[in-house]
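Inspection log for the structure reproduced underneath, given as structure tokens.
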There are 2 protein chains.
Amino acid sequence: MANSPNKESTGSRTASSLKVINDKPGNATAKTKAAQSAAGNNDTEARPTLKTIAYMTNLAVTTVSRALKDAPDISAPTKARVRLVADQIGYRPNRAGIRLRTGRTQVISLVISLEEEVMGITSQMVLGISDVLSDTPYHLIVTPYSQQQGPLEAIRYICETRSADGVIFSSTEPDDERVRYATAHGMPFATHGRTDMGIQHPYHDFDNTKFTLEAVSRLAAKQRRNLLLLSPPASLNYYRHCIAGFNQGLREHGINGHISSTLDTSAKLDEIEAMIKDLLSGPDRPDGIICTSGSSAIGVIAGIEQAGLTVGKEVDIVSKQSISLLSKIRKEVGTINEDVRNAGRQLATAVLRSIDGEAPENLQSVEYPDMPSTDLPSPDLPSHDPQSKD
Amino acid sequence: MANSPNKESTGSRTASSLKVINDKPGNATAKTKAAQSAAGNNDTEARPTLKTIAYMTNLAVTTVSRALKDAPDISAPTKARVRLVADQIGYRPNRAGIRLRTGRTQVISLVISLEEEVMGITSQMVLGISDVLSDTPYHLIVTPYSQQQGPLEAIRYICETRSADGVIFSSTEPDDERVRYATAHGMPFATHGRTDMGIQHPYHDFDNTKFTLEAVSRLAAKQRRNLLLLSPPASLNYYRHCIAGFNQGLREHGINGHISSTLDTSAKLDEIEAMIKDLLSGPDRPDGIICTSGSSAIGVIAGIEQAGLTVGKEVDIVSKQSISLLSKIRKEVGTINEDVRNAGRQLATAVLRSIDGEAPENLQSVEYPDMPSTDLPSPDLPSHDPQSKD
DNA sequence: AGTAGTTACTGTAACGTTACAGTTCCGCAC
DNA sequence: GTGCGGAACTGTAACGTTACAGTAACTACT
């Protein structure tokens with residue numbers, strides 16, 4: 001995220017119209033030149049650089065650089081002096097300079113699909129990540145991928161061009177090529193959703209097993225005996241979790257249920273509507289439907305009504321939701337919240353800590369509403385001094 | 001946006017393990033050194049740079065640079081040769097190098113509020129912008145601002161640190177300090193929503209006057225005679241547009257209506273629900289409600305039901321919506337769509353063309369569903385060759 | 001034959017930063 | 001009083017790119 005404009009930026013004055021007054025007499029050549037260009041520094045409105053501060057403090061650029069990052073070989077008074085001047089003139093490190101020299105981009109990339117958009121889930125994710133990055137020098141770049149290029153391409157692009165220090169992505173599959181690729185290329189990342197491929201990596205996941213389990217319980221409590229699970233696409237890892245909880249729930253309550261094989265949450269709302277209508281008009285119709293995404297529930301509700309039935313009467317619904325919408329507009333619908341904004345926070349924290357070298361095992365969390373998440377400790381960014389965020 | 005990983009990146013081979021075989025005998029000193037470091041170039045897996053290509057083609061770095069950007073003083077055969085090699089080794093320009101040298105960041109920044117989140121509008125905006133940036137070398141950075149820091153700070157930060165080549169922001173006010181600031185500092189930008197301050201600038205807006213006008217017409221057609229407008233916050237410029245259309249509609253149809261003074265679309269859903277319930281329980285209750293945001297309609301519907309009334313019976317609603325949700329889940333609700341994703345496309349296009357020096361007068365568009373938008377021509381990015389996007 | 005112009009290249013420096021290898025100075029031990 | 005070690009600084013080079021000022025070779029015109 002673009003770190004929010006930071007506190008010490010009060011002084012918006014620039015070291016613009018300085019004239020060469022005070023030329024150091026001692027070490028001649030290079031210093032003189034530096035002083036000139038630092039002082040003559042574009043009389044217009046040039047941003048101050050280390051050179052500017054070096055000139056003003058009568059120190060070498062290196063010294064200023066080291067002073068600002070609190071290096072041990074700079075004396076305390078010098079550090080104080082340098083910081084004072086830096087603050088006064090509103091110095092902000094040049095990201096391009098840092099990036100070129102160190103290779104660190106100070107960028108986290110959120111990779112999303114250009115097609116997918118499940119009811120503002122991306123907004124929530126962006127906001128959550130921003131919550132965390134706001135206090136750091138990191139910027140958030142959103143990198144989309146189109147269907148024809150495939151999700152791996154985006155990751156590959158980021159790795160090849162080293163255009164980010166860390167990546168966040170979702171729609172994880174049990175065996176996810178992106179996880180393999182990023183791991184192999186040493187690119188820190190965190191996934192929204194777990195994988196099942198024997199690679200330890202940072203993730204944050206919603207406990208979909210608990211979710212479907214509870215959904216079954218709620219429907220069972222309403223005397224529903226023939227459930228339908230509208231699952232996520234079978235390719236995604238959390239499909240398995242949803243199934244597991246669903247089946248366990250059915251067993252525990254001794255009721256029937258099946259998983260829609262022709263339909264999943266990735267279908268268009270119109271398709272869902274049509275299919276649900278069909279299903280409800282046929283024999284052996286379900287009396288309870290579990291929706292594993294908030295938007296799919298919209299289609300389901302529409303389908304139910306198309307079939308001439310009423311939610312809460314002939315059929316009950318329990319749905320996941322990531323914004324409190326369904327529960328507002330259709331109080332009859334049972335909802336369980338996935339806090340995607342919090343997921344964003346967890347993921348951002350995890351990537352940052354991963355960048356700082358933390359082991360992946362310590363960067364994994366699973367969330368469930370009433371059993372609040374295994375919170376990750378907030379990242380302590382030792383290598384980047386919060387003062388010097390630009 | 002991170003431009004999507006591009007086509008010519010097929011060759012993921014690197015010029016890694018080249019040995020110094022062919023050292024140019026002619027011009028000695030500098031060339032030899034360059035060749036050595038280009039060839040000895042980190043035997044591990046270093047990204048190819050201009051230097052790598054220069055060594056391979058036996059040309060100077062400058063020549064390679066100019067060849068790749070199709071400069072007129074390079075011969076056609078040389079250009080072809082350079083491009084061939086560049087493609088083969090999968091050369092991608094280093095953004096930090098370019099940024100440092102030229103000051104161009106190849107970044108567009110979308111400034112959003114950390115608090116605001118009106119039902120996935122940010123997602124749509126991000127996707128729309130991405131649609132456009134995908135074909136360019138530009139990346140999309142999302143820069144949030146928190147309430148206490150104020151929206152101007154984010155723009156100021158971007159300008160001061162020159163961390164983007166262009167900015168997109170919304171929630172425009174009639175007299176908007178951000179517009180003034182960005183204009184004064186020569187930072188290209190485009191706003192979602194117009195302003196009214198005598199400054200010409202790129203914008204894309206939804207025609208809210210037409211919207212409220214039509215909303216009134218629709219309600220009048222349903223014999224509604226006492227309307228309520230749930231307006232946006234009065235500080236925003238489109239408040240005025242909404243009012244104008246509303247009043248005009250009332251006049252044209254000779255019916256009554258008023259604008260809620262205590263409530264606007266920025267209120268929490270619960271507040272809206274409570275207020276609407278109150279209003280409907282009081283005397284002179286409205287029989288038609290116009291919602292200027294999709295999410296507020298949710299609250300309104302809830303309020304209506306809380307009051308024991310039914311949407312479509314005692315009260316009708318017409319609402320703006322940015323995703324087809326209301327119209328799905330509550331077919332009784334009249335909806336008019338604002339295509340925010342398209343707004344994102346328009347805005348991105350406008351900023352890019354503004355960066356390319358196009359006059360703001362030519363970068364303004366107003367959209368209305370059935371009277372399709374004054375489409376901006378697609379940007380022709382003359383200065384950045386699509387081939388060389390990294 | 002000499003100059004001017006053109007074409008196609010080359011070389012240098014600079015953008016702002018940091019890694020690393022000095023250098024200077026001082027106090028202290030022998 | 002020479003040497004040593006450490007504290008506190010300095011200088012140089014390099015990251016990859018491009019602007020700009022050459023330069024060499026060749027053609028064309030007087």
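Below, chains carry the letters A, B, ... as their sequence lines are ordered, and counting in each starts from 1.
- Between A:T78 and D:dA8, a side-chain N or O to OP1/OP2 separation shorter than 4.0 Å is absent.
- Residue B:T63 is in base contact, counting any heavy-atom pair closer than 4.0 Å across all strands shown.
- Counting heavy atoms from C-beta outward, A:F189 and A:S354 have side chains that stay 4.5 Å or more apart.
- Residue A:Y91 forms a side-chain contact (heavy atoms from CB on, under 4.5 Å) with just one option from A:V82, A:L50, A:V85, and that option is A:L50.
- Remark: the backbone N or O of B:R104 is not paired with any side-chain donor or acceptor of B:D165 at under 3.5 angstrom.
- Fit an axis to the five pairs at each end of the helix from C:dA1-D:dT30 to C:dC30-D:dG1 and the two axes sit 70° apart, to the nearest 10 degrees.
- For the 3.5 Å distance criterion, the side chains of B:S75 and B:T78 qualify, holding a donor opposite an acceptor.
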Heavy-atom protein contacts under 4.0 Å, nucleotides 16-22 of chain C, coded B base, S sugar-phosphate only, - none: BBBBB--
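- Taking 4.0 Å as the cut-off between side-chain N and carboxylate O, B:E177 and B:R180 do not count as a salt-bridged pair.
- Looking at B:R47 and A:E160, no side-chain N of the basic residue comes within less than 4.0 Å of a carboxylate O on the acidic one, giving no salt bridge.
- A:T183 places a side-chain N or O within donor-acceptor distance of the main-chain N or O of A:V179, the cut-off being under 3.5 Å.
- In this entry the distance linking CZ of B:R104 with P of C:dA14 reads 23 Å, nearest Å.
- Checked against salt bridge (charged side-chain N to carboxylate O under 4.0 Å, His left out), A:R101 has no partners two or more places apart in sequence or in another chain.
- Rounded to whole Å, the distance from CZ on A:R81 to P on D:dA8 is 14 Å.
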